[in-house]
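All figures in this text were calculated on a predicted structure; none of them were measured in a lab. Just so it is clear: chains get the letters A, B, ... in the order the sequence lines come, proteins before strands, and each one is counted from 1.
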There are 2 protein chains.
Amino acid sequence: MAQNTTRKAQQQDFITLMNELARAHHRFSLFDAEIHRLSGSGLTAPQAKVIFCLGNTDGLTCSEITDQTLITKGTLTGVIDRLEGKGLVERWGDADDGRIIIVALTRAGDRLFQREYPRYVEKLRTQVEGLSDREQATSYLGQIADLF
Amino acid sequence: MAQNTTRKAQQQDFITLMNELARAHHRFSLFDAEIHRLSGSGLTAPQAKVIFCLGNTDGLTCSEITDQTLITKGTLTGVIDRLEGKGLVERWGDADDGRIIIVALTRAGDRLFQREYPRYVEKLRTQVEGLSDREQATSYLGQIADLF
DNA sequence: TATTGTTATACTCTATAACTATA
DNA sequence: TATAGTTATAGAGTATAACAATA
């Protein structure tokens with residue numbers, strides 16, 4: 001009976017934990033989207049992800065971008081189309097392997113990256129400032145990242 | 001010089017932490033959506049959120065659902081429309097305050113909730129099973145949830 | 001005037017699957 | 001046959017703002 005109560009309490013703890021995770025996740029989405037919206041960069045969150053991962057590189061293939069951003073390949077084509085339409089990235093074929101497309105920042109894209117990336121990091125930092133133990137956070141988040 | 005190096009290292013730590021958070025967030029989205037897709041319930045993740053928060057209640061107002069799910073009111077109308085179209089929820093006006101709409105599970109919605117909610121929790125639990133220290137997780141996630 | 005919820009618009013992202021071109 | 005990326009389809013969620021009804 002007492003054991004049953006304990007199990008129920010543990011189940012409730014777990015559900016509470018998952019609700020917190022889901023809400024944290026959702027708030028992160030909203031916060032992330034809001035940062036980009038308020039920045040006036042004209043980027044959506046997925047577009048910014050792509051720009052940020054292309055920054056300080058000589059270009060990446062679509063597969064590499066997919067690996068880093070977790071954006072599905074079908075979706076990625078559309079995101080890159082829009083960034084290309086804004087003149088922020090350009091595409092060219094790989095010389096060795098005809099199947100591969102290299103995506104890279106244009107000069108305008110690089111200027112945007114140089115301006116927006118530090119701002120983005122700074123806004124996140126401000127939000128996280130209250131964090132008590134950075135090392136614990138790092139190691140724990142690594143675990144969470146591995147779970148999903 | 002050494003101080004500068006340290007600061008740079010700290011900045012890099014922070015960026016790594018944020019990248020992990022962003023990836024954890026994205027993976028959670030994908031995992032969450034996949035659970036519902038594979039369950040055959042026909043629910044999207046936001047729809048499931050609404051069904052789950054209505055479970056074991058006598059109905060909630062749209063504002064209350066918004067508070068719990070963080071789904072914007074404009075979006076919520078559409079989500080509820082789709083759930084109503086499936087016969088899973090119903091709406092009625094509040095007797096006291098004519099502005100308020102009460103949303104509640106239908107019998108079919110409640111059956112879905114009773115069946116899917118435990119499954120959902122169980123799948124999350126399986127995923128989280130590797131977690132080393134539940135208490136640490138709970139307290140840390142609480143912090144993250146408060147940050148965003 | 002403020003609040004609750006709906007409607008309208010326009011867009012982005014999403015999954016899925018078929019498809020092209022190349023390896 | 002397998003891989004890289006595009007295209008096509010259909011739908012869902014999103015922000016935003018204007019709106020109606022009620023308090």
Side-chain angles (χ1 to χ4, degrees), chain A residues 25-51 59-67 69-86 88-104, chain B residues 25-51 59-67 69-86 89-103:
Chain A
H25 148 71
H26 199 131
R27 283 186 204 163
F28 181 77
S29 285
L30 295 175
F31 182 75
D32 197 35
E34 195 188 12
I35 287 182
H36 297 299
R37 207 162 43 248
L38 296 183
S39 75
S41 66
L43 298 176
T44 63
Q47 288 169 11
K49 254 186 190 172
V50 172
I51 293 288
L60 301 173
T61 68
C62 291
S63 302
E64 289 170 336
I65 297 173
T66 287
D67 289 344
T69 64
L70 304 178
I71 297 170
T72 316
K73 63 178 182 176
T75 303
L76 185 61
T77 299
V79 174
I80 293 173
D81 284 347
R82 277 162 230 126
L83 291 174
E84 202 176 23
K86 294 175 185 174
L88 297 174
V89 306
E90 55 192 354
R91 291 187 245 225
W92 64 80
D94 183 83
D96 297 332
D97 188 335
R99 297 171 302 180
I100 290 179
I101 299 287
I102 309 285
V103 184
Chain B
H25 149 71
H26 199 132
R27 282 185 204 165
F28 180 77
S29 285
L30 296 175
F31 181 75
D32 196 35
E34 195 187 12
I35 287 181
H36 297 300
R37 207 163 42 246
L38 296 183
S39 76
S41 66
L43 299 176
T44 63
Q47 288 169 13
K49 255 186 189 171
V50 172
I51 293 288
L60 300 173
T61 68
C62 292
S63 302
E64 288 169 336
I65 297 174
T66 288
D67 289 344
T69 63
L70 304 178
I71 297 171
T72 315
K73 64 177 181 177
T75 302
L76 186 60
T77 299
V79 173
I80 292 173
D81 285 347
R82 277 162 229 125
L83 292 174
E84 200 176 25
K86 294 175 185 174
V89 306
E90 56 193 352
R91 291 186 245 223
W92 64 81
D94 183 82
D96 297 332
D97 187 337
R99 296 171 302 180
I100 289 178
I101 300 288
I102 308 285
V103 184

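A straight line from CZ of A:Arg82 to C1' of D:dT6 spans 14 Å, rounded to a whole angstrom. The distance from atom CG of B:Asp96 to atom P of C:dT3 is 19 Å, rounded to the nearest whole Å. Distance A:Leu30 CG to D:dG13 P: 14 Å, rounded to the nearest Å. One interatomic measurement links the two molecules: NZ of A:Lys73 to C1' of C:dC13, which rounds to 17 Å at whole-angstrom precision. If you take CD of A:Glu34 and C1' of D:dT14, they are 14 Å apart, rounded to a whole angstrom. In this structure, the CZ atom of A:Arg37 is 11 Å from the P atom of D:dT14, given to the nearest Å. For the pair A:Phe31 CZ and D:dT14 P, the interatomic distance rounds to 18 Å; values are reported in whole Å. To the nearest angstrom, P of D:dA12 lies 15 Å from CG of B:Leu76.
The side chain of A:Arg91 contributes no N or O atom lying less than 4.0 Å from OP1 or OP2 of D:dG5.
Distance from the side chain of A:Pro46 is smallest for C:dC13 among the nucleotides D:dG5, C:dC13, C:dA15. The side chain of A:Val79 lies closest to C:dC13, out of D:dG5, C:dC13, D:dT16. Listed candidates were D:dT14, D:dG13, D:dG5. Nearest to the side chain of A:Ile100 is D:dG5. Of the candidates D:dT16, C:dT6, C:dC13, the closest approach to any side-chain atom of B:Thr77 belongs to C:dT6. For B:Arg99, whose side chain is taken as the heavy atoms from C-beta onward, the closest listed nucleotide among D:dG13, D:dA15, D:dT22 is D:dT22. Minimum atom distance to the side chain of B:Gln47 is reached by D:dG13, of the listed D:dG5, C:dA15, D:dG13. The side chain of A:Thr44 lies closest to C:dT12 when the candidates are C:dT6, D:dT6, C:dT12. For B:Asp97, taking side-chain heavy atoms from C-beta onward, the closest of the listed nucleotides D:dT22, D:dT16, D:dA4 is D:dT22.
In this structure a side-chain-to-backbone donor-acceptor pair under 3.5 Å is present from B:Lys86 to B:Gly42. Between the side chain of B:Thr69 and the main chain of B:Ile71, a donor-acceptor pair closer than 3.5 Å is present. Remark: side-chain polar atoms of A:Ser39 are paired, donor with acceptor, to backbone N or O of A:Ser41 under 3.5 angstrom. A side-chain donor-acceptor contact under 3.5 Å links A:Thr44 to the backbone of A:Gln47.
Salt bridge B:Arg91/B:Asp81: present, at least one basic N to carboxylate O contact under 4.0 Å.
Just one residue in the list A:Ile100, A:Ile102, A:Val103 forms a side-chain contact (heavy atoms from CB on, under 4.5 Å) with A:Trp92, and that residue is A:Ile102.
For the pair B:Ala33 and B:Thr61, nearest-nucleotide mapping onto DNA chain C gives the more 5' position to B:Thr61. Remark on DNA chain D: of its neighbouring residues B:Thr75 and A:Ser63, the 5'-side contact belongs to A:Ser63, judged by nearest-heavy-atom nucleotide.
Residue contacts shown for A:Gly74 include a base, since a base heavy atom lies under 4.0 Å away. B:Leu43 comes within 4.0 angstrom of no nucleic acid atom, judged by non-hydrogen atoms across all strands.
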